Amino acid sequence: GVDEFKDITLISVYPNPTDAYLNLTIENQVIESLYFMLSDITGRQVLSQSINQTNTLIDLKPLLAGTYLLTVYNQKQTFKSFSIIKNN
């Protein structure tokens, strides 16, 4: 593949699995127009938010235990997706 997003050096989430909070870390010189979307396994969006800093804390406590998909994107395309396991 062609690396169109050379400014983004690392996107990571931890801890995974988690029972409360998820840290989304993006090492990037410019974090403009980035968002994340969390959806359940049926594809239903459960949370969406803009990313304004290199480390974003995502509260998963209200969600039921299960598997979720976390997608980091901008208005043009998806950068990375993660499978997230939420425990009780």
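Computed from a predicted structure; not experimentally measured. The analysis underlying the following values was restricted to heavy atoms, covering all of them including side chains, and did not include hydrogens, waters or symmetry mates.
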### Task
Step by step, work out the side chain to side chain contact (heavy atoms under 4.5 Å, CB included) result for V72 and L24.
CA-CA 9 Å; V72 177; L24 171 62; 4.0 Å; yes

### Task
Please lay out, stage by stage, how Y73 and S48 fare under the test side chain to side chain contact (heavy atoms under 4.5 Å, CB included).
CA-CA 11 Å; Y73 64 98; S48 181; 3.7 Å; yes

### Message
For a side chain to side chain contact (heavy atoms under 4.5 Å, CB included) check, start with the C-alpha distance between L60 and Y21, then their side-chain angles and the critical distance, and finish with the verdict.
### Response
CA-CA 5 Å; L60 301 182; Y21 293 98; over 6 Å; no

#### Entry: Y35 vs Q75, side chain to side chain contact (heavy atoms under 4.5 Å, CB included): CA-CA, chis, key distance, verdict
CA-CA 8 Å; Y35 307 88; Q75 295 176 354; 3.5 Å; yes

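The shortest side-chain heavy-atom distance between I84 and L22 falls under the 4.5 Å cut-off.
Hydrophobic clustering places L38 together with L64 (ILVMFWY residues linked when any side-chain heavy atoms are closer than 4.5 Å, directly or through intermediates). Side-chain heavy atoms closer than 4.5 Å link hydrophobic residues (I, L, V, M, F, W, Y) into clusters, and following such links, possibly through other members, connects V46 to I51. There is no path of hydrophobic side-chain contacts, each under 4.5 Å, that joins I85 to Y14. F82 and M37 sit in two unconnected hydrophobic clusters of ILVMFWY residues. Membership requires side-chain heavy atoms under 4.5 Å apart, directly or through other members. Taken together through direct or relayed side-chain contacts under 4.5 Å among Ile, Leu, Val, Met, Phe, Trp and Tyr, L47 and L69 form parts of separate hydrophobic clusters.
S83 approaches N16 most closely through the heavy-atom pair O-ND2, 2.8 Å. For the pair N23 and P15, the tightest heavy-atom approach, listed with the atom from each and the gap, is ND2-CD, 4.3 Å. F79 approaches I11 most closely through the heavy-atom pair CB-CD1, 4.0 Å. When all heavy atoms of K61 and D19 are compared, the pair lying nearest together is CG-O, 4.2 Å. Of all the heavy atoms in T67 and I41, the pair that sits closest is O-CG2, 3.0 Å.
Qualifying salt bridge (Lys or Arg N to Asp or Glu O under 4.0 Å) partners for D40, counting only residues two or more places apart in sequence or in other chains: R44.
With values rounded to the nearest 0.5 angstrom, K76 atom NZ is found 9.0 Å from S33 atom OG. Of the inter-residue distances, the one linking L34 atom CG with S50 atom OG reads 9.5 Å to the nearest 0.5 angstrom.
There is no side-chain donor-acceptor pair under 3.5 Å between T78 and T71.
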